[in-house]
Visitor: 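Below is one structure. I have some questions about it.
Just so it is clear, the structure is predicted and the values come from calculations on it, not from any experiment.
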Amino acid sequence: MGLARRVIPCLDVSEGRVVKGVRFVNLRDAGDPVEAARRYEAEGADELCLLDITASHEGRQATLHLVQEVAEVLTIPLTVGGGVGGIEDFSALLRSGADKVSVNSQALREPALIAELAARFGAQCVVVAIDARREGEGWVAYTHGGRRSTGRDAVAWSAEAAELGAGEILLTSMDADGTLAGYDLPLLQAVAAATDLPLIASGGAGQLADFPAAVEAGADAVLAASLFHDGALAIGAVKEALQAARHEVRIP
C-alpha cells in the first residue's frame with residue numbers, strides 16, 4: 001500500500017475574504033474563510049491551504065487573527081502563506097495555528113532562509129511555493145503574487161529548494177490557474193523529476209479526470225479552489241476518482 005494522496009482545498013484570501021481569479025487576475029469574492037474551512041474539513045479534506053495573496057505585494061505579513069480564526073475550527077493540518085519575510089514572520093504564523101508555512105518571494109530573494117527555517121523549525125514545516133509561468137521551452141518562477149518575474153528557471157529552483165532543506169513544494173501553474181483546463185502536466189513531470197520532495201499540484205483543475213492525471217504526473221497531493229468554492233465538485237468525488245484510478249486516499 002502506497003502513501004495516501006491528499007486532497008487540499010485552497011483559500012486564496014484578500015482583505016479577509018476568500019477570492020478567486022483566472023491566471024492570478026480578475027479576482028471575485030468566494031466567501032468567508034472560516035465558514036469555508038469548517039465546511040471543507042466536514043467534507044473530508046486532508047489538509048487546508050490559506051494563502052494571503054496580496055501580502056507580499058503590499059509588503060506585510062499574512063493576517064494573524066484570520067489565521068487564528070481558521071485554525072480554531074480545524075483538526076486537519078493547515079498550511080499558511082503570504083508575506084513571510086523571515087524567521088519572525090514564520091514563527092508568528094506557527095504560533096497562530098499554522099502547521100506548515102509557505103514561503104515564496106523572500107525565499108527567492110534569500111535562498112539561505114530555507115535552510116535557516118528548516119534548521120530552526122524542522123523541514124516538515126517548510127513549504128516552498130513556486131508560481132511558475134511558461135516562457136520559451138521552460139518555466140520561470142514569479143514572486144509577489146505572480147506580479148514579478150525572477151527570470152529564474154522554476155524547475156531548477158525546485159531542486160535548489162530541496163537541497164536547502166524544504167520539506168514540500170507547492171507548485172502552481174500560473175498559465176493554468178483558474179482556467180479549469182487541467183493541471184500543467186509537463187510542469188509537474190519536470191519538477192517531480194528534479195526533486196524527491198512531496199509535490200502539491202496547483203492550478204487548473206476542472207474535472208474529475210484531472211486529479212488522477214496530476215498524481216500520475218508526479219503529484220503527491222492535489223490542490224483546487226474554484227471547483228470546491230463553487231460546488232462544482234465535492235472532495236469526496238475527487239477521492240472516489242483517485243481510488244478508481246488505483247491511488248490510495250484517506251477516507252474519513
Visitor: Side chains of I87 and E116: does their closest heavy-atom pair fall under 4.5 Å?
Guide: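 Of all side-chain heavy-atom pairs linking E116 with I87, at least one is under 4.5 Å.
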
Visitor: Using the rule side chain to side chain contact (heavy atoms under 4.5 Å, CB included), only one of I114, T150, I130, V128 pairs with L108; which is it?
Guide: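 Between L108 and the candidates, side chain to side chain contact (heavy atoms under 4.5 Å, CB included) is satisfied uniquely by T150.
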
Visitor: Give the minimum heavy-atom separation between D175 and R134, together with the two atoms involved.
Guide: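 Nearest pair, atom of D175 first, then R134: OD2-N, 2.8 Å.
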
Visitor: Looking only at non-hydrogen atoms, find the nearest pair between V249 and Q243 and report the distance.
Guide: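 V249 and Q243 have their closest heavy atoms at CG2-CG, 3.4 Å.
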
Visitor: Apply side-chain contact (heavy atoms from CB on, under 4.5 Å) to residues V238 and L227 and explain how you reach the verdict.
Guide: CA-CA 11 Å; V238 172; L227 283 178; over 6 Å; no

Visitor: Could you check whether any side-chain heavy atom of E248 comes within less than 4.5 Å of a side-chain heavy atom of L3, counting everything from C-beta outward?
Guide: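 When only atoms from C-beta onward are counted, L3 and E248 do not touch, as no gap falls below 4.5 Å.
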
Visitor: Measure from the side-chain N and O atoms of T63 to the backbone N and O of L66, and report whether any donor-acceptor pair falls under 3.5 Å.
Guide: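 Looks like no, no N/O pair under 3.5 Å.
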
Visitor: Can you confirm whether V70 sits close enough to V80 that some side-chain heavy atom of one is under 4.5 Å from a side-chain heavy atom of the other?
Guide: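 No, too far: nothing below the 4.5 Å cut-off.
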
Visitor: Are the side chains of L51 and L11 in contact, using a 4.5 Å heavy-atom criterion?
Guide: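 Counting from C-beta outward, L11 and L51 never come under 4.5 Å.
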
Visitor: Report yes or no: does E69 contribute a side-chain atom to a donor-acceptor pair with the main-chain N or O of V34 at less than 3.5 Å?
Guide: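 Side chain of E69 to backbone of V34: no pair is present.
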
Visitor: As a test of understanding, state which of V191, L170, V215 forms a side chain to side chain contact (heavy atoms under 4.5 Å, CB included) with L199.
Guide: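 The option that passes is V191.
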
Visitor: Return the minimal non-hydrogen interatomic distance between L48 and A37, and the atom names on each side.
Guide: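 L48 and A37 have their closest heavy atoms at CD2-CB, 3.6 Å.
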
Visitor: Between D46 and R250, does any side-chain N to carboxylate O distance fall below 4.0 Å?
Guide: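 Result for this pair is yes, salt bridge flagged.
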
Visitor: Which heavy-atom pair separates A166 from L197 by the least distance, and what is that distance?
Guide: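 Shortest heavy-atom contact: O-CD2, 3.3 Å.
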
Visitor: So does D131 get a backbone contact from the side chain of T172, meaning a donor-acceptor N/O pair under 3.5 Å?
Guide: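 No, the answer is negative, given that no donor and acceptor are paired below the 3.5 Å cut-off.
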
Visitor: Ignoring hydrogens and geometry, is there a side-chain-to-backbone donor-acceptor pair from H229 to C10 under 3.5 Å?
Guide: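 Indeed, once roles are kept as given, a pair shorter than 3.5 Å links the two residues.
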
Visitor: Drop me the distance from E216's CD to L185's CG, to the nearest 0.5 angstrom.
Guide: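 Separation between the atoms: 9.5 Å.
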
Visitor: So do the side chains of T79 and E47 get within less than 4.5 Å of each other, counting heavy atoms only?
Guide: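 Side-chain contact under 4.5 Å: yes.
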
Visitor: Taking NZ, NE, NH1 and NH2 as the nitrogens, is one of them in E43 or R39 under 4.0 Å from a carboxylate oxygen of the other?
Guide: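 Salt bridge present between E43 and R39.
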
Visitor: With E72, which residues qualify under side-chain contact (heavy atoms from CB on, under 4.5 Å), at least two apart?
Guide: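 Applying side-chain contact (heavy atoms from CB on, under 4.5 Å) to E72 gives none.
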
Visitor: I want to check something: taking the side chain as every heavy atom from C-beta on, are W139 and S173 in contact at a cut-off of under 4.5 Å?
Guide: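 Contact flag for W139/S173 side chains = no.
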
Visitor: With sequence neighbours left out, write down each residue that passes side-chain contact (heavy atoms from CB on, under 4.5 Å) with A71, or none if nothing qualifies.
Guide: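 Scan of A71 (side-chain contact (heavy atoms from CB on, under 4.5 Å), adjacent residues dropped) gives L78.
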
Visitor: Have R95 and S91 got a donor and an acceptor in their side chains that come within less than 3.5 Å?
Guide: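 The answer is yes; a qualifying pair exists.
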
Visitor: Any side-chain heavy-atom pair from T143 and N104 closer than 4.5 angstrom?
Guide: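 Answer yes - side chains close enough.
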
Visitor: Should R5 and D220 count as side-chain neighbours, where that means a heavy-atom distance under 4.5 Å?
Guide: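 They are in contact (side-chain heavy atoms under 4.5 Å apart), so the answer is yes.
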
Visitor: Can you measure from CG (L93) to CD (Q68) and round to the nearest 0.5 angstrom?
Guide: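 With rounding to 0.5 Å, CG (L93) is 10.0 Å from CD (Q68).
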
Visitor: If you look at every heavy atom in R152 and P111, which pair is closest and at what distance?
Guide: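 Closest approach of R152 to P111: NH1-CG, 4.2 Å.
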
Visitor: Measuring from atom CZ of F90 to atom CG of L113, what distance do you get when rounded to the nearest 0.5 angstrom?
Guide: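 CG of L113 is found 8.5 Å from CZ of F90.
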
Visitor: Compare every heavy atom of G165 with every heavy atom of A123, then report the nearest pair and how far apart it is.
Guide: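 Closest pair (atom of A123, atom of G165, distance): CB-O, 3.4 Å.
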
Visitor: Mind checking whether F211 and F228 have parallel, tilted or perpendicular rings, split at 30° and 60°?
Guide: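 F211 and F228: parallel rings.
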
Visitor: Give, for atom NE2 of H247 and atom NZ of K239, the distance between the pair rounded to the nearest 0.5 Å.
Guide: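 Reported to 0.5 Å precision, the distance equals 14.5 Å.
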
Visitor: Output the distance between atom CG (D177) and atom CZ (R133), rounded to the nearest 0.5 Å.
Guide: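 Result: 10.0 Å between the selected atoms.
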
Visitor: CD1 of I8 to CD1 of I200: how many Å apart, nearest 0.5 Å?
Guide: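 So the gap between those two atoms works out to 4.0 Å.
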
